[in-house]
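Have a look at the structure below before the remarks.
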Amino acid sequence: MLTTLTSLRTNWNDLDWREDATCRDLDPDLFFPIGVTGGAVDQIEHAKSFCRACPSLEQCLEFAITTNQEYGVWGGTTEDERRILRREWRAKIRRDRIAS
Ligand code: SF4
């Protein structure tokens, strides 16, 4: 999981982390459940189980937060979980700008 929200990179010219992704050869549909209830709950947990074993988890989550990936499981998080992290990250950026 992210250790700090202050150090998120925003330049994503280098996407090499995708080469090591655990999901690279999996069906992408697994990571894009329809909804968040019913059968989608099991699907989300199944997707997250691959994320937990993924060497690219941190980069994937950073990418999803900084590039506004709205849907699906990225970096072991759902869209709702990322929305919270994104809000915290943006608030931190605003506080840093005000303080400088
Ligand atoms: S963290 Fe999850 S979604 Fe991201 S690359 Fe790894 S397996 Fe795929």
Side-chain angles (χ1 to χ4, degrees):
M1 197 52 74
L2 291 176
T3 52
T4 172
L5 292 174
T6 58
S7 62
L8 296 187
R9 68 172 131 157
T10 54
N11 179 351
W12 289 101
N13 291 331
D14 175 9
L15 294 174
D16 285 352
W17 57 271
R18 290 183 172 184
E19 297 296 316
D20 299 325
T22 301
C23 60
R24 187 168 173 218
D25 298 320
L26 298 175
D27 181 352
D29 285 349
L30 172 64
F31 293 82
F32 292 92
I34 307 296
V36 292
T37 58
V41 173
D42 288 342
Q43 186 178 341
I44 289 167
E45 282 312 308
H46 191 198
K48 283 183 170 183
S49 73
F50 287 106
C51 295
R52 282 191 289 273
C54 181
S56 302
L57 185 149
E58 193 151 327
Q59 295 98 323
C60 177
L61 181 54
E62 284 186 21
F63 177 81
I65 289 174
T66 58
T67 61
N68 269 330
Q69 300 301 317
E70 292 284 340
Y71 304 105
V73 173
W74 292 76
T77 63
T78 63
E79 45 249 43
D80 288 344
E81 292 165 339
R82 282 195 308 282
R83 217 166 277 132
I84 293 167
L85 290 171
R86 191 178 298 120
R87 216 173 10 244
E88 291 173 0
W89 176 57
R90 287 184 175 148
K92 175 74 175 121
I93 289 173
R94 277 194 299 275
R95 283 195 303 276
D96 288 351
R97 282 190 186 138
I98 290 169
S100 63

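Sequence positions, counted from 1, serve as the residue numbers for this chain. For ligands, and for the atoms within them, numbers begin at 1 and follow the listed sequence.
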- Query: Just wondering, do Arg90 and Arg94 contact through their side chains at under 4.5 Å, heavy atoms?
  - Reply: yes
- What protein N/O/S atoms lie closer than 2.8 Å to atom 8 (Fe) of ligand 1? Cys23 SG
- Any side-chain heavy-atom pair from Asp42 and Glu45 closer than 4.5 angstrom? no
- Hey, are the side chains of Leu85 and Leu61 touching, using non-hydrogen atoms and a 4.5 Å cut-off? yes
- Query: Are any non-hydrogen side-chain atoms of Thr78 and Ile44 less than 4.5 angstrom apart?
  - Reply: yes
- Task: Scan Glu62, Gln69, Glu81, Glu79 and name whichever one has a side-chain contact (heavy atoms from CB on, under 4.5 Å) with Trp74.
- Result: Gln69
- Message: Does the plane of the ring in Phe31 sit parallel, tilted or perpendicular to the ring in Phe50? Use 30° and 60° as the thresholds.
- Response: tilted
